[in-house]
Participant: 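This is the structure, below, for whatever I ask next.
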Amino acid sequence: MSQPSRAPPLVPESAPFSAEQRVWLNGLFAGLLSLDQGITALTQEQAAALLPGGIDLAAPAAEEDDGAPWHDPAMVLADRMKLAEGRPLHRRMMAAMGQQDCGQCGYSCQDYSDAIVSKKEERLNLCVPGGKETTRTLKALHQELGNLELSSPRPAAQSPGKAAIPTPAVATAAPAAAPGWSREHPVEARFLSRARLNKAGSEKETWHIEFDLAGTGLDYSVGDAFGIFPRNDPALANAVIAALAAPADFPIGGRPLRDVLIDAVSLGTAPDALFQLFSYITGGERRQKTKALAAGEDPDGDAATLDVLAAIEKFPGLRPDPEAFIESLDPLQPRLYSIASSPKVDPTRMALCVDAVRYPVARRTRLGVASTFLGARIDPDDRLKVYVQKAAHFGLPADPSVPIIMIGPGTGIAPFRAFLHDRKATGAPGKNWLFFGHQRSSSDFFYADELNAMKTSGLLTRLSLAWSRDGDKKFYVQDRMREVGREVWTWLAEGANIYICGDAKRMAKDVERALVDIVAQFGARSTDEAVLFVADLKKKGRLQQDVY
């Protein structure tokens with residue numbers, strides 16, 4: 001029997017969208033345009049013209065909006081905002097977020113945007129993954145709030161193409177009823193130990209970190225994240241004080257300036273407010289540059305490299321009042337790490353897997369605040385503020401017999417170590433397949449003894465490894481997936497859940513692309529059908545991601 005002919009796609013594969021975005025846009029345009037008029041594929045320019053400026057994409061029901069294509073942490077902010085044009089304000093604010101639902105702000109991306117629009121949250125600088133770009137975009141969008149009547153119905157005379165602005169759902173922050181369950185109410189836990197996971201010859205510095213939860217009242221499930229409140233490097237605080245030519249003991253709210261610089265404010269990327277402050281106390285060309293930097297411009301081509309200390313050094317001789325200086329800085333945010341242990345093994349001992357971040361910029365080495373704090377500046381028995389961030393959509397299947405495929409290169413192995421320990425402790429009968437990769441097998445095979453023992457015992461049904469620097473050609477976990485694609489498809493067909501943990505910008509998208517290719521090749525589907533199959537896995541909770 002002949003197959004019915006398919007309408008040609010309106011958005012061609014050459015258009016600047018991902019496969020999933022093309023499927024979404026093709027469906028949208030097909031519903032808005034008449035397909036029986038012989039319409040063929042659109043050019044990139046035509047597709048762009050039909051986006052919000054030419055078609056009213058506004059005001060879908062909130063529950064129908066969750067599949068919109070800007071909800072993608074790998075998409076750059078400018079592209080997310082373009083696709084979100086014409087949407088209600090709280091949706092455009094959501095598009096401006098980091099799109100990781102990481103919880104570091106105390107909300108999901110949707111709840112944070114809803115809280116801002118409903119005026120339940122005034123802070124616009126809480127999105128850690130989004131950084132300065134998100135803060136700047138939220139401030140621009142926030143200016144619209146004064147002109148909106150959020151609860152008003154759409155007026156009869158409203159001009160065409162403008163969206164009614166619905167009142168967003170009531171936004172709620174992470175639970176704060178009990179200490180230790182939100183960033184607003186942390187508890188103190190004791191740091192136990194660190195052990196380096198890399199061997200000699202590695203280019204990385206990765207640590208297995210352990211905390212004692214005894215007496216904290218905290219418990220957790222595998223898949224949850226652990227929030228810590230780090231402290232800035234005292235040497236960096238000292239350098240900032242010297243650059244300001246300010247007394248280290250200058251009182252700021254009853255505390256010495258140095259203490260505030262160490263544990264209360266971010267000394268990372270220089271915020272717009274700092275350059276605005278500089279513009280008030282200088283003149284001439286320097287004033288024009290500081291005003292440009294405050295507006296998001298880059299007059300000297302170095303804006304991306306300016307942390308707080310570099311910003312002060314860029315304009316030597318400026319002496320802002322220390323209190324005004326502190327007020328211009330962003331608060332020091334907690335950091336979240338995937339938990340690498342199971343409470344079913346030891347409920348009082350909790351583990352993390354942390355890459356220490358160090359990178360050269362100009363004449364200095366910049367440090368990752370929390371990673372180097374955990375990797376070097378905290379000692380056994382020290383106590384620090386912590387909390388548990390419950391995972392909303394990342395955890396083991398309720399049925400312990402369901403097979404699982406785990407893809408976690410580098411520190412992305414953390415939650416999967418927890419999954420395996422948990423399944424071992426409970427005697428779960430489901431099959432387990434881990435894809436792990438890093439640079440070199442000789443120096444970067446984290447938890448090698450544990451994993452090999454699990455493989456020998458049968459707990460780890462399959463262990464697939466990928467080393468990007470062991471050969472002449474770089475080889476990653478997504479490449480290994482394609483090599484064993486038939487078996488991956490067989491596991492999926494048997495009902496396996498699949499999990500991805502790690503870098504959101506590159507690895508997660510590359511792995512998802514490989515998964516689409518595997519479904520298309522071995523599931524006998526077109527690319528667009530494979531994209532929809534993978535999207536359906538997400539909707540059903542069979543594909544879960546913990547990305548950062």
Participant: Above 12 or not: heavy atoms from other molecules or residues under 6.0 Å from NZ of Lys474?
Facilitator: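 No, the 6.0 Å shell around NZ holds no more than 12 heavy atoms from other groups.
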Participant: How close do Gln100 and Pro129 get, counting heavy atoms only, and between which atoms?
Facilitator: NE2-CB, 3.7 Å
Participant: Verify the neighbour count for atom NZ of Lys344: are there more than 12 heavy atoms of other residues, nucleotides or ligands below 6.0 Å?
Facilitator: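 Open.
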Participant: For Pro347 versus Leu213, what's the shortest heavy-atom pair and its separation?
Facilitator: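 That would be O-CD1, 4.1 Å.
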Participant: Output yes when Lys132 and Asp330 qualify as a salt bridge under the 4.0 Å nitrogen-oxygen rule, no when they do not.
Facilitator: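 No, Lys132 and Asp330 are not salt-bridged.
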Participant: Yes or no on salt bridge (Lys or Arg N to Asp or Glu O under 4.0 Å) for Arg190 and Asp382, after CA distance, side-chain angles and deciding distance?
Facilitator: CA-CA 6 Å; Arg190 185 167 65 95; Asp382 283 355; over 6 Å; no
Participant: For the aromatic rings, using the six-membered ring if either is Trp, is the centroid distance between Phe446 and His438 under 6.0 Å?
Facilitator: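 Yes, they do, as the ring centres are separated by less than 6.0 Å.
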Participant: Is Arg506 atom CZ crowded by more than 12 heavy atoms from other residues, nucleotides or ligands, each under 6.0 Å away?
Facilitator: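 Counting neighbours around CZ of Arg506, 12 or fewer heavy atoms of other residues, nucleotides or ligands fall under 6.0 Å, so no.
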Participant: Determine, using ring centers only, whether Phe211 and Phe226 are less than 6.0 Å apart.
Facilitator: yes
Participant: Between Arg183 and Gln389, do the side chains contain a donor N or O and an acceptor N or O under 3.5 Å apart?
Facilitator: no
Participant: So, taking the atom named OG in Ser193 and the one named CD1 in Ile209, what distance separates them when rounded to the nearest 0.5 Å?
Facilitator: 7.5 Å
Participant: Report yes or no: does Gln333 contribute a side-chain atom to a donor-acceptor pair with the main-chain N or O of Asn125 at less than 3.5 Å?
Facilitator: yes
Participant: A side-chain contact here means heavy atoms from C-beta on lying under 4.5 Å apart; do Leu306 and Thr269 qualify?
Facilitator: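 Heavy-atom side-chain distance check fails, nothing below 4.5 Å.
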Participant: Taking atom NZ of Lys291 as the centre, does the number of heavy atoms from other residues, nucleotides or ligands within less than 6.0 Å exceed 12?
Facilitator: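 Result for NZ/Lys291: open.
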Participant: State whether the side chain of Ser108 and the backbone N or O of Asp111 hold a donor-acceptor pair below 3.5 Å, judged by distance alone.
Facilitator: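 Side chain of Ser108 to backbone of Asp111, a donor-acceptor pair under 3.5 Å: yes, one is there.
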Participant: Suppose we screen for side-chain contact (heavy atoms from CB on, under 4.5 Å). Which residues come up paired with Ser202, at least two apart in sequence or across chains?
Facilitator: Asn198, Lys204, Ser443, Asp444
Participant: Applying side chain to side chain contact (heavy atoms under 4.5 Å, CB included), run through Leu244 and Ile312 and close with a yes or a no.
Facilitator: CA-CA 7 Å; Leu244 289 173; Ile312 301 170; 3.9 Å; yes
Participant: Would Lys120 and Asp114 pass as an ion pair if we require N to O under 4.0 Å?
Facilitator: no
Participant: Using modelled atom types and a 3.5 Å cut-off, is there a donor and acceptor pairing between side-chain atoms of Arg196 and backbone atoms of Trp207?
Facilitator: no
Participant: Evaluate the criterion salt bridge (Lys or Arg N to Asp or Glu O under 4.0 Å) for residue pair Glu85 and Arg80; output intermediate values, then yes/no.
Facilitator: CA-CA 9 Å; Glu85 284 176 1; Arg80 293 202 304 267; over 6 Å; no
Participant: Using a strict 4.0 Å threshold on nitrogen-to-oxygen distance, state whether Glu203 and Arg440 make a salt bridge.
Facilitator: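 Yes, Glu203 and Arg440 are salt-bridged.
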Participant: Consider only side-chain N and O atoms of Asp546 and Ser338, and report whether a donor and an acceptor are under 3.5 Å apart.
Facilitator: yes
Participant: Any side-chain donor paired with an acceptor under 3.5 Å for Gln545 and His393?
Facilitator: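 Absent: no donor and acceptor within the cut-off.
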Participant: Given 3.5 Å as the limit, does a donor-acceptor pair link the side chain of Ser342 with the main chain of Ala418, or not?
Facilitator: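 Answer holds: no.
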Participant: Please evaluate residues Val547 and Asp503 with respect to the criterion side chain to side chain contact (heavy atoms under 4.5 Å, CB included), reporting the C-alpha separation (whole Å), side-chain torsions for both, the decisive distance (0.1 Å), and the verdict.
Facilitator: CA-CA 6 Å; Val547 297; Asp503 172 60; over 6 Å; no
Participant: In Å and rounded to the nearest 0.5 Å, what is the OG1 to CG distance from Thr282 to Leu277?
Facilitator: 11.0 Å
Participant: Flag the pair Phe419 / Tyr499 as yes when their ring centroid distance falls below 6.0 Å, and as no otherwise.
Facilitator: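 Yes, ring centres under 6.0 Å apart.
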Participant: Does either side chain, that of Ser341 or that of Tyr220, offer a donor lying less than 3.5 Å from an acceptor on the other one?
Facilitator: yes
Participant: Search all heavy atoms of Arg358 against all heavy atoms of Ala376 and return the closest pair with its distance.
Facilitator: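 That would be NH2-CB, 4.1 Å.
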Participant: Indicate yes or no for a side-chain donor-acceptor contact from Thr134 to the backbone of Gly131 under 3.5 Å, with no hydrogens or angles considered.
Facilitator: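 Side chain of Thr134 to backbone of Gly131, a donor-acceptor pair under 3.5 Å: no, none is there.
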Participant: Whether the side chain of Asp212 engages the backbone of Leu192 through a donor-acceptor N/O pair (distance < 3.5 Å, no angle test) should be reported.
Facilitator: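 It does not hold such a pair.
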Participant: Restricting to non-hydrogen atoms, name the atom on Gly437 and the atom on Val477 that form the minimum distance, rounded to 0.1 Å.
Facilitator: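 Reported closest heavy-atom pair: N-CG1, 3.7 Å.
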Participant: Report the C-alpha distance between Tyr337 and Ser371 in whole Å, list the side-chain angles of each, state the deciding distance to 0.1 Å, and finish with yes or no for side-chain hydrogen bond (donor to acceptor under 3.5 Å, both in side chains).
Facilitator: CA-CA 10 Å; Tyr337 292 95; Ser371 64; 5.1 Å; no
Participant: Quick check: closest heavy atoms across Gly502 and Met507, and the distance to 0.1 Å?
Facilitator: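 It is CA-CE, 3.4 Å.
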Participant: For Asp224 and Ser221, indicate whether the former's side chain and the latter's backbone hold a donor-acceptor pair under 3.5 Å.
Facilitator: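 Yes.
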Participant: How close do Cys353 and Thr206 get, counting heavy atoms only, and between which atoms?
Facilitator: SG-CG2, 4.0 Å
Participant: Closer than 3.5 angstrom, by distance alone: can the side chain of Asp302 be matched with the main-chain N or O of Thr305 as a donor-acceptor pair?
Facilitator: no
Participant: Show your working on salt bridge (Lys or Arg N to Asp or Glu O under 4.0 Å) between Glu450 and Arg417 and close with a plain yes or no.
Facilitator: CA-CA 9 Å; Glu450 281 187 20; Arg417 179 180 186 264; 2.8 Å; yes
Participant: Go through the steps to decide whether Leu352 and Glu210 satisfy the test side chain to side chain contact (heavy atoms under 4.5 Å, CB included), and finish with yes or no.
Facilitator: CA-CA 6 Å; Leu352 307 176; Glu210 295 198 351; over 6 Å; no
Participant: So, the side chain of Gln544 versus the backbone of Gly395: is there a donor-acceptor pair under 3.5 Å, distance only?
Facilitator: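 Side chain of Gln544 to backbone of Gly395, a donor-acceptor pair under 3.5 Å: yes, one is there.
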Participant: Quick test of your reading of the model: are Asp307 and Arg366 salt-bridged, counting only N-O distances below 4.0 Å?
Facilitator: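 Yes, charged N to carboxylate O under 4.0 Å.
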Participant: Using a strict cut-off of less than 4.0 Å between a Lys/Arg side-chain nitrogen and an Asp/Glu carboxylate oxygen, indicate whether Arg123 and Glu184 qualify as a salt bridge.
Facilitator: yes
Participant: What I want to find out is whether Asp272 reaches Lys139 closely enough, with some N-O distance under 4.0 Å, to be called a salt bridge.
Facilitator: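 Lys139 and Asp272: not salt-bridged.
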Participant: So if I apply the salt bridge (Lys or Arg N to Asp or Glu O under 4.0 Å) rule between Asp263 and each of Lys385, Arg255, Arg231, which one comes out positive?
Facilitator: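 The option that passes is Arg255.
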Participant: Looking at Asp101 and Cys109, would you say the former's side chain and the latter's main chain have a donor-acceptor pair under 3.5 Å?
Facilitator: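 Here the side-chain-to-backbone pair exists.
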